[in-house]
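Scroll down for the structure; my scribbles are underneath it.
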Amino acid sequence: GEDVEQSLFLSVREGDSSVINCTYTDSSSTYLYWYKQEPGAGLQLLTYIFSNMDMKQDQRLTVLLNKKDKHLSLRIADTQTGDSAIYFCAESIRHSGSSNTGKLIFGQGTTLQVKP
Amino acid sequence: DGGITQSPKYLFRKEGQNVTLSCEQNLNHDAMYWYRQDPGQGLRLIYYSQIVNDFQKGDIAEGYSVSREKKESFPLTVTSAQKNPTAFYLCASSIGRQLGNEKLFFGSGTQLSVL
């Protein structure tokens, strides 16, 4: 089946690390993405990881992928108030009936609240 | 600057009325998409188009219609058949829909409300 699950809310203090978790169900996922949405705005691609990788680091962001458990996490180091937003995890799966067309399945989004 | 422009930012619909949401991109992307966002839910795909003059239904197409007469433009009409249209609508584009090439660029959204 196609399902991506995230916890709905996370609150941290400024300067702490934030870890946002995501689980997915489709074992054929190829790419997994993290998007950020600020209030009243569209989504912005933060980072992505290919399914044959375990980890990807990009400045303050670290993505960990446990393919066996179908678990993806996004760690934000030294969280700032400007990181307050909704974070969406998304998996890329093969579109039914096509060998080379992808389809994105989004989680519900995790609201990150950063307290000063 | 390249990007995706959605208009209007806020839109109000009266009972029985059709309304059209605009989406324009100058990224030269082939694929365009419309998503609906409800509070506490993930994005749900309404329609997508991989090429001019062609489009496909997504997961929740009922009550909506689209057209793709130009590469740059992908307007969405919310018809009177859509009984619960209040939501935040997001337009997106990508270079293509090839597997692994689905990095989406989003517009800033249109909030549609029913009067």
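When reading the values below, keep in mind they use all heavy atoms of this one structure, side chains included, and skip hydrogens, waters and symmetry mates. Per chain, numbering begins at 1; letters A, B, ... match sequence-line order.
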Sorted by number, residues from residues 75-90 of chain B in contact with chain A (heavy atoms, under 4.5 Å): F88(B), L90(B)
same_hphob_cluster(Y24(A), Y33(A)) at 4.5 Å side-chain heavy-atom cutoff: yes
Within residues 37-67 of chain A, residues adjacent to chain B where the heavy-atom gap is under 4.5 Å: Q37(A), G40(A), A41(A), G42(A), L43(A), L45(A), Y48(A)
Check: Q37(B) and F88(A) side chains under 4.5 Å, non-hydrogen atoms: yes
Residues of residues 104-115 of chain B within contact distance of chain A, non-hydrogen under 4.5 Å: L104(B), F106(B), G107(B), S108(B)
Neighbourhood of chain A inside residues 7-16 of chain B, taking heavy atoms under 4.5 Å as contact: K9(B)
Joint cluster assignment, I60(B) & L43(B), ILVMFWY side-chain distance < 4.5 Å: no
Same apolar cluster (I L V M F W Y, side chains within < 4.5 Å links), L45(B)/W34(B): no
Nearest-0.5 Å distance that lies between atom CG in L104(A) and atom OH in Y48(B): 12.0 Å
Path from L74(A) to I105(A) over hydrophobic side-chain contacts below 4.5 Å: yes
ILVMFWY cluster, W34(A) and V12(A) together (side-chain gap under 4.5 Å): yes
